[in-house]
Amino acid sequence: MRGFLASSTGVTCAAALALPLAPPAAAATSSTPPATSPTARSEAHAPGGTQSLRLAPLARDRAPGTAEQGLRRQDVRQFSLVGVVWDSPATELHGRVEVRTRATATGTWSGWQELETHNADHAADPGTPESASGRVRGATAPLWVGESDGVEVRVRASDAPGTARSGPAAAPLPTGLRLELVDPGEAAPPPTNRARSEAEPSVLPARTARPARAARQRAEPHAGARPAITTRRGWGADEKLREKGFVYTKKVKTAFVHHSATGNNYRCSQAPSVIRSIYRYHVNSTGWRDLGYNFLVDKCGNIYEGRAGGVSKPVLGAHTLGFNANSMGIAVLGTYSSKKPSSAALKAIARLTAWKVGLYGMNPRGKTYLKSGGGNLYRKGRKVRLNVISGHRDGFATNCPGKQLYAKLDTARSKAAAYQGR
């Protein structure tokens with residue numbers, strides 16, 4: 001979300017995804033796309049997939065010299081999430097990206113929906129192995145549209161903010177524009193090996209804070225209880241997609257709150273499918289090593305494990321460009337520029353942060369310092385004073401996590417401190 005704009009499979013796990021702290025989160029049914037060969041999608045639980053369609057110039061009546069690319073209305077294999085990517089992550093898309101989709105169940109076409117074009121600030125820090133892998137692309141934020149089998153897209157260029165025209169043409173569109181249509185697929189079936197199932201639960205249950213001994217009380221005077229967390233197995237992550245191994249930072253000093261900018265048109269029972277779609281979009285479409293966020297929260301207050309590596313460990317994410325080290329990213333599923341977040345989501349943020357930052361001795365109502373890895377607000381190497389619970393916009397010039405969610409962060413801070421017993 002560069003600039004001040006708002007910046008991804010599961011029937012069988014329905015019972016397993018019920019969390020004790022909030023209404024149950026069951027996975028939605030998602031039919032598989034048509035097979036393209038006799039052996040395609042032969043397994044009962046398909047892992048989902050992505051259709052990548054190259055955009056082409058549109059010969060429409062428009063202002064002279066204005067660049068416009070897209071796809072005419074067409075039938076496609078079933079998908080549930082859309083996004084647009086291009087060749088270089090260093091190139092910004094100045095313009096407007098809109099899509100229309102056809103619902104599989106009714107055959108009805110939606111109106112035009114806009115995709116957030118400034119999404120590069122959700123990324124690995126500059127110069128890190130993840131950002132320099134050569135696989136990373138520029139990308140819009142993804143948009144959840146539900147089960148669909150038809151699509152139309154148009155991308156129209158505009159001048160870059162703060163620049164003067166030297167002629168009638170708008171800034172050129174990035175090269176290699178492609179439409180990504182993501183099918184979350186179904187969740188993988190539970191493992192048949194009982195020992196493995198016990199080692200990899202679908203949900204980590206809420207854990208009551210244990211009475212601390214005197215020595216531990218002095219070392220960790222305030223630590224919130226761990227909330228219930230749906231694990232990656234619980235929401236159906238295909239672990240073959242991500243890179244092997246894990247990358248850690250030293251500690252968690254700050255929690256950056258985001259909105260996923262995927263829209264609010266989802267049921268909480270569909271949240272696992274939304275997350276599987278975002279996961280595929282982050283890895284397969286944008287080229288990241290794994291899902292960018294460390295945790296995700298739906299509007300019913302259910303909490304989900306994001307990037308792999310252990311929920312209690314300081315896993316290095318790709319969520320806040322320049323400030324991924326010694327922090328964690330929490331994405332609330334939805335778009336909160338004009339819509340207010342639910343009280344359940346705010347409570348989940350508070351419970352999660354009270355526990356996680358408490359593991360590292362941090363006060364949710366306090367301040368801390370992080371060193372910038374480089375961005376559009378702070379130069380690389382600068383020590384920046386931040387709230388322990390910050391919004392994405394505190395580290396980068398962006399609208400994320402949306403005006404309405406950002407306005408509620410003080411409430412989350414107070415609740416988190418109370419959960420820590422402060």
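Note: hydrogens, waters and symmetry copies are ignored here, and every other heavy atom, side chains too, is used.
- Here E305 does not pair with R232 in a salt bridge; the nearest charged N to carboxylate O distance is not below 4.0 Å.
- A cation-pi geometry, defined here as NZ or CZ lying under 6.0 Å from the six-membered ring centre and within 45° of its normal, holds between R154 and W112.
- W288 has its side chain within reach of V136: a pair of non-hydrogen atoms, C-beta onward, lies under 4.5 Å apart.
- Each of L53, V85, L55 was evaluated against R178; a single residue qualifies, V85, per the side chain to side chain contact (heavy atoms under 4.5 Å, CB included) test.
- Side chain of Y360 to main chain of N326: no donor-acceptor pair is present (N/O by atom type, distance under 3.5 Å, no hydrogens or angles).
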Margin query: Apply side chain to side chain contact (heavy atoms under 4.5 Å, CB included) to residues L143 and Q113 and explain how you reach the verdict.
Written below: CA-CA 9 Å; L143 179 69; Q113 301 181 79; 3.8 Å; yes
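- Of the possible polar contacts, none joining the S148 side chain to the T101 backbone as a donor-acceptor pair under 3.5 Å is found.
- Listed here is the closest heavy atom pair of K253 and V388: O-CG1, 3.6 Å.
- Ring orientation note: the planes of W355 and F295 are nearly perpendicular, at an angle over 60° on the 30°/60° scale.
- Geometrically, K299 does not engage Y336 in a cation-pi contact, judged by NZ or CZ lying under 6.0 Å from the ring centre and within 45° of the ring axis.
- Without hydrogens or angle criteria, R413 side chain to I389 main chain gives a donor-acceptor distance under 3.5 Å.
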Next item on the list: Check the pair N294 / V311 against side chain to side chain contact (heavy atoms under 4.5 Å, CB included), numbers first and verdict last.
Entry: CA-CA 8 Å; N294 297 102; V311 296; over 6 Å; no
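- No side-chain donor-acceptor contact under 3.5 Å links D298 and Y266.
- Judged purely by distance below 3.5 Å, without hydrogens or angles, the side chains of R393 and T398 never pair a donor atom with an acceptor atom.
- Side-chain polar atoms of S52 and E180 form a donor-acceptor pair below 3.5 angstrom.
- Distance CG/L359 to NZ/K251: 13.0 Å, rounded to 0.5 Å.
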Notebook entry, point to check: R100 and S110: side chain to side chain donor-acceptor pair (under 3.5 Å), yes or no, with the steps?
Noted result: CA-CA 6 Å; R100 299 180 65 199; S110 72; 5.5 Å; no
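- Listed by chain and number, the residues in a side-chain contact (heavy atoms from CB on, under 4.5 Å) with T128 are A124, D125, E130, S131 (sequence neighbours excluded).
- Exactly one of V153, D87, V84 qualifies for a side chain to side chain contact (heavy atoms under 4.5 Å, CB included) with L177. That residue is V84.
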Next item on the list: Give the intermediate values and the outcome of side chain to side chain contact (heavy atoms under 4.5 Å, CB included) for residues L316 and R307.
Entry: CA-CA 8 Å; L316 180 66; R307 181 163 289 207; 5.6 Å; no
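- The shortest non-hydrogen separation linking L370 to S327 is CD1-CB, 4.3 Å.
- A donor-acceptor contact under 3.5 angstrom links the side chains of Y406 and D394, judged on distance only.
- In terms of heavy atoms, G301 sits closest to A348 at O-CB, 3.4 Å.
- Across all their heavy atoms, Y279 and D238 have their closest contact at OH-O, 2.8 Å.
- Of the possible polar contacts, none joining the D149 side chain to the Q78 backbone as a donor-acceptor pair under 3.5 Å is found.
- Between P126 and L321, the shortest heavy-atom distance links the atoms CD-CD1, 3.7 Å.
- Annotation: H282 is not in aromatic contact with H122 [ring centroid separation under 6.0 Å not met].
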